[in-house]
2 protein chains.
Amino acid sequence: MRIGELAKQAGCDVETVRYYERDGLLAKPEREISGYRNYNTLHLADLQFVRHCRSLGMKLAEIKVLMNFRSSPDGDCAGVNALLDVQIVRVEEQMAAMSLLKEQLIALRNKCEHRRTNKECGIMQSLNYAVQVRKCPCHR
Amino acid sequence: MRIGELAKQAGCDVETVRYYERDGLLAKPEREISGYRNYNTLHLADLQFVRHCRSLGMKLAEIKVLMNFRSSPDGDCAGVNALLDVQIVRVEEQMAAMSLLKEQLIALRNKCEHRRTNKECGIMQSLNYAVQVRKCPCHR
DNA sequence: GCACACCCTGTAGCCGCTACAGGGTCAAGT
DNA sequence: ACTTGACCCTGTAGCGGCTACAGGGTGTGC
């Protein structure tokens with residue numbers, strides 16, 4: 001199949017496929033005489049693997065590591081587990097940060113009693129000062 | 001004061017200050033004969049305002065809007081409120097997405113019973129397929 | 001007169017794409 | 001045989017918000 005079909009099946013953009021190839025994430029496919037890239041179902045499986053990893057928020061460098069694990073099927077999968085743990089920790093950290101952020105934004109939003117001028121606005125006034133930060137409100 | 005002192009007081013990098021100036025977020029300061037930028041406390045207040053907004057996750061374009069509100073102090077602050085609401089919605093959306101992500105990652109993590117080979121690893125096998133998505137687990 | 005901290009401009013890099021420009025190829029229709 | 005239009009190619013630039021140089025100039029203290 002050609003690149004358009006491949007991209008469609010994987011639910012991504014043609015440009016993205018070429019980007020992955022350039023980045024060394026996907027193997028370079030054979031070319032037709034015309035120069036067109038020609039893919040088979042193994043290429044598709046690889047691309048889908050990458051897209052699934054991406055949808056889980058993994059970085060391309062991390063996906064490369066997983067691809068390497070994949071190409072040594074008899075190796076110990078401890079590395080896979082460790083990589084997943086990194087993802088989970090990262091997401092948890094981001095969630096904690098967002099939680100704090102939301103709290104700050106809502107506190108700020110409540111500073112304004114409607115229909116004031118900009119200079120009287122409690123929000124605008126507060127933005128002149130650093131946000132009061134409690135020590136990690138999400139973990140108590 | 002010179003740029004190094006300004007950056008230090010605002011808790012950011014010198015390069016960041018110059019970047020903000022180039023981006024039109026901060027006014028261009030006077031120059032000394034040497035060509036060095038010379039700042040006063042008003043510049044510092046502006047920079048701190050920007051940094052506080054950034055720490056709340058606002059985009060530079062949004063901060064520009066707030067700066068404009070700031071320079072028309074007698075205007076109606078409804079726009080400020082609306083902008084804050086946009087921030088809050090954005091953070092809530094991101095938190096919902098992260099929550100879903102975390103759930104998916106943990107489900108995936110549980111697919112591997114320790115000390116297998118890569119090809120037997122439940123995680124690696126699952127990554128060949130799309131993640132099962134429940135309809136927004138964070139809102140019920 | 002020298003060292004060293006600081007400042008300047010301009011450019012390139014990070015990430016994961018996205019969006020062109022400027023061209024070639026192919027298949028169907030007339 | 002010719003045209004249309006969908007697809008493909010390479011290469012480059014842009015997004016956001018910085019960060020990190022290179023290659024130079026300036027200021028200050030000893």
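Letters go in sequence order (proteins before strands), and every chain restarts at 1. Here the structure is a predicted model, which is why all the values come from computation and not from measurement.
At a cut-off of 3.5 Å, with distance as the only test, no side-chain donor of A:Asn118 or B:Arg70 sits close to an acceptor on the other residue. Side-chain contact annotation: B:Glu30 with B:Asn38, donor-acceptor N/O pair under 3.5 Å absent. Residues A:His43 and A:Asp46 have side chains that never bring a donor and an acceptor to within less than 3.5 angstrom of each other.
The distance between atom OH of A:Tyr39 and atom P of D:dC7, rounded to the nearest whole Å, is 16 Å. As a whole-Å value, the separation of A:Leu60 CG from C:dG13 P is 18 Å. Atom pair B:Glu21:CD and C:dC8:P shows a separation of 9 Å (rounding to whole Å applied). Separating the OH atom of B:Tyr19 from the P atom of C:dC14 is a distance of 17 Å, rounded to the nearest angstrom. One atom, CG of B:Leu47, and another, P of D:dC18, lie 11 Å apart when rounded to the nearest Å. Rounding to whole angstrom units, CD1 of residue B:Ile63 and C1' of D:dG17 are separated by 10 Å. A straight line from CZ of A:Arg37 to P of C:dG24 spans 17 Å, rounded to a whole angstrom. One interatomic measurement links the two molecules: CD of B:Glu5 to P of D:dG27, which rounds to 18 Å at whole-angstrom precision.
Put simply, the side chain of B:Lys64 gets close to the backbone of B:Asp23: a donor and an acceptor are under 3.5 Å apart.
When each of B:Arg2 and B:Asp23 is assigned the nucleotide of DNA chain D with its nearest heavy atom, B:Asp23 is the one assigned upstream, toward the 5' end. Both A:Asn38 and A:Arg22 lie near DNA chain D, and the one whose nearest nucleotide falls closer to the 5' end is A:Asn38. If you find the closest nucleotide of DNA chain C to B:Val14 and to A:Met58, the one lying nearer the 5' end belongs to B:Val14.
In the set C:dT18, D:dC8, C:dC17, C:dT18 carries the atom at the smallest distance from any side-chain atom of A:Asp13. Side-chain proximity of B:Glu15 to the nucleotides D:dC7, D:dA20, D:dT10 is greatest for D:dA20. Comparing D:dT10, D:dG17, C:dC17 by their nearest atom to the side chain of A:Arg31 picks out D:dT10. Picking from C:dC8, C:dC17, D:dT19 the nucleotide with the shortest atom distance to the side chain of B:Arg18 gives C:dC8. Of the listed nucleotides (D:dG27, C:dC17, C:dA19), D:dG27 has the atom at the smallest distance from the side chain of B:Ser34. In this structure, the nucleotide among D:dC8, C:dC17, D:dT19 sitting nearest to the side chain of A:Arg54 is C:dC17.
Using a 4.0 Å cut-off between charged side-chain N and carboxylate O, B:Arg90 and B:Glu93 make no salt bridge.
Using a 4.0 Å cut-off, some side-chain N or O of B:Tyr20 falls inside it from OP1 or OP2 of D:dC18. Regarding contacts with the backbone of C:dG16, every side-chain N or O of A:Thr16 stays at 4.0 angstrom or more from both OP1 and OP2.
With hydrogens and angles ignored, a donor-acceptor pair closer than 3.5 Å exists between the side chain of B:Tyr36 and the base of D:dG25.
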